[in-house]
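Whatever order the structure lists them in is the order used to number ligands and atoms, beginning at 1.
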Amino acid sequence: MARKTILRVAGLAACSAILVAGCASDSGDPAPAAAPSSAAATQPTDGKTSEAPVPANLPRITILATGGTIAGKANANSAVGYTAGQATAQDLIDAVPGLDKIAKLDAVQVSNIGSQDMNDEVWLALATKINQIFADDKADGVVVTHGTDTIEETAFFLDHVVASDKPVVLVGSMRPSTALSADGPANLRSAVQVAAVPEARGRGTMVVLNDTIHAADDVTKTNTTSVQTFASPNRGPIGHVDAAAVQFSGPAAQQPRLTFPVPGKSPLPRVDIVYSHAGMDATQVNDSLGHGAQGIVLAGVGDGNTAKPVVDALSGAAKKGVLVVRSSRVGSGSVVRNAELNDDQLGTVSALGLNPAKSRILLQLLLVNGITDPAKVQQNFADS
Ligand code: ASP
């Protein structure tokens, strides 16, 4: 019991030091209050260690729960199976001792689904809720608990529709809440730590798992089951977090983020991803067009390339006004405009550093906002 107390207090003390160090916020808005940096544990005269009082003016963090493995529970009839989206937001908070000493917490259950079922409706609800929370100054940061399968997509979407420099941090886990060594509680603690520090402001939406902080545009899942699954393949993580400190590897970007109004209704415009492979014909492209796709993202081989019949079909679609973006299935690097394929001639757009899933979301946002000229679309991919 004594050991537990000291660990909790140690985390609070370290977090306080960061908050104190960074009290001036980038935006000039009042920064979240810092907990006192003086002795974290008091020594009563009887020699026993007791916890420091919790400061009244802790940073305010709202936790929005959407489901995922972090809220998953084991199946009674399977050694490895579990069902995602079972535990509630409050259950998740209760599993992290001392979380209420890092921040003043508020919890809202937005959905309770596996993120393989994430959809436009939940995205719009989440984005509207977060913008409202910040507009009403109800929180200094928001943490979204989420399944890891599509966490990078939701992060990218929110990064482009949240109109505030206050931080949004998405967090998940690779093991369900009932697993041995469940990673959810530690990840949630890290996410709250990150959202609570003033230095997180101006960095848009982030993803925090396994002690690592990633930017929404770069982060991607790289392993089906490992707790060290998230990577930022093009620029690397933007920081790290442990029980004692939140450390960003550089300052927040100076230029404003590319943001759009939250779309008024779901579903968002249909944009399909066509996955390129050896021996491919134009069937997938023609199917997409037949189902009314307004945009197609090519998950191309290599530098965004594909087989000749597919190139012809995509170019034909682009000339009829369908937006066609060349991304890559490779997982890292940038698709170079007019290199392996001539975008100027084909009428296509190069995704640059965005992977196919994120290219699809940007294209949907551009379509909703009436941005359909390929040159302007290309510019938005460069700005994203
Ligand atoms: N299928 C789960 C989900 O994305 C996996 C996870 O959360 O890790 O909701």
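Closest protein heavy atom to atom 9 (O) of ligand 1: Ser115 N, 2.6 Å. With respect to atom 1 (N) of ligand 1, the closest heavy atom belonging to the protein is Asp149 OD2, 2.7 Å. Nearest to atom 8 (O) of ligand 1 among the protein's heavy atoms is Thr148 OG1, 2.4 Å.
Inspection of the Asp312 and Ser315 side chains reveals no N or O donor paired with an N or O acceptor under 3.5 Å. If you check the side chains of Ser332 and Asn234, you find no donor sitting under 3.5 Å from an acceptor.
Proximity to Gln116 (heavy-atom distance under 4.0 Å) selects the following atoms of ligand 1: 1 (N), 2 (C), 3 (C), 4 (O), 9 (O). Numbered from 1 in the order shown, with element, the atoms of ligand 1 that lie under 4.0 Å from a heavy atom of Gly114 read 9 (O).
Classification of Lys358 and Asp218 as a salt-bridged pair fails, no side-chain N sitting under 4.0 Å from a carboxylate O. Between Arg60 and Asp106 there is no salt bridge, since none of the side-chain N atoms of the basic residue sits less than 4.0 Å from a carboxylate O of the acidic one. Looking at Asp344 and Arg337, a side-chain N of the basic residue comes within less than 4.0 Å of a carboxylate O on the acidic one, giving a salt bridge.
Residue contacts with ligand 1 include Ser173, since one or more of its heavy atoms lies under 4.0 Å from the ligand.
With Gln90 contributing its side chain and Leu92 its backbone, the two residues share no donor-acceptor pair below 3.5 Å.
Considering each of Thr145, Val227, Thr224, Thr69, the one bringing a non-hydrogen atom nearest atom 2 (C) of ligand 1 is Thr69.
The distance criterion of under 3.5 Å between nitrogen or oxygen atoms is not met by Lys221 with respect to ligand 1.
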